[in-house]
Amino acid sequence: MVLRILLTHAAATAHRRRVAPLRELEASILGHRGEAATAAVLERLGLPALHDVVLEDGQGLTQIDHLVLVDDAIVVLETKNFSGLITGRPDGRHWTQQGETGGLLYRLRNPLRQNDRHLLAVAHVVADPAVALRGHVVAAGPARFLGAIGDLVVPLAELGAVLTASIDPPVAPLSLETGWLRLCAAAAGTAARREAHAEQVTTGRKKWR
């Protein structure tokens with residue numbers, strides 16, 4: 001019995017290792033499609049935006065899907081193109097993805113925590129506490145987010161309304177413009193950081209498995 005359990009576990013582990021690269025490729029393709037959909041919405045809104053920006057932070061390098069300049073703030077967006085049912089805690093390290101009719105469960109990194117890191121990196125570059133920063137996770141796919149996380153994710157169809165709603169107190173235009181220009185200058189170094197970031201991500205995935 002013990003041998004059978006060990007063999008079953010070994011087979012399951014080998015299967016996960018074979019499937020993982022395919023899932024990562026699929027996730028990458030879906031991710032790019034989701035980010036393109038969000039970028040298209042931002043373009044239609046006519047808002048100044050930066051896309052796929054790699055910045056330095058205290059943990060190394062971090063990739064930000066979208067930075068947007070609105071009337072009262074700089075907004076940091078993390079786009080996710082998920083399907084199925086997503087559950088988890090707002091402060092949990094991982095969320096869980098499952099098909100609408102059940103099936104396999106997959107762990108996902110909590111995008112709220114991802115975006116919290118992005119906000120810290122942006123705050124470091126802007127270097128002005130007078131500039132309001134907001135962060136949102138955008139759902140570009142058909143996934144349903146259940147429980148406490150349901151109200152914390154912005155459907156792509158509602159993004160325009162969320163971005164154009166003035167939430168924070170007015171910021172001096174000069175401060176906001178200066179902060180945005182600092183981000184634009186930092187974003188210009190993305191190409192030089194991309195290879196190092198890709199290596200960092202690959203190393204992190206190997207540790208996470």
Handout entry: Val70 with Val138, same ILVMFWY side-chain cluster at under 4.5 Å
Key = yes
Handout entry: Sub-4.5 Å side-chain heavy-atom contact between Thr38 and Leu77
Key = yes
Problem - Side-chain ion pair, Asp72 and Arg134, N-O less than 4.0 Å - result: yes
Practice task
Over all heavy atoms of both residues, which pair between His66 and His51 is shortest? Give the atoms and the distance, please.
Solution key: ND1-ND1, 3.0 Å
Practice task
Can you sort out the partners of His118 under ring-ring contact (aromatic ring centres under 6.0 Å, His included), two or more places apart, ordered by chain and number?
Solution key: none
Exercise for the section: Check whether any side-chain heavy atom of Ile64 lies under 4.5 Å from a side-chain heavy atom of Val122, and answer yes or no. Expected result: yes
Exercise for the section: Answer yes when Lys80 and Glu78 have at least one side-chain N-carboxylate O distance shorter than 4.0 Å, and no when they do not. Expected result: yes
Handout entry: Joint cluster assignment, Leu152 & Phe145, ILVMFWY side-chain distance < 4.5 Å
Key = yes
Exercise for the section: Say whether Leu55 and Trp180 are linked into one hydrophobic cluster, either directly or through other cluster members, by side-chain heavy-atom distances under 4.5 angstrom. Expected result: yes
Handout entry: Test side-chain contact (heavy atoms from CB on, under 4.5 Å) applied to Asp116 - qualifying residues, sequence neighbours left out
Key = Leu119
Handout entry: Single-linkage hydrophobic cluster Val131~Leu67, side-chain heavy atoms < 4.5 angstrom
Key = yes
Exercise for the section: Kindly write out the residues that satisfy side chain to side chain donor-acceptor pair (under 3.5 Å) with Gln63, not counting sequence neighbours, or none if the list is empty. Expected result: Asp52, Asp65
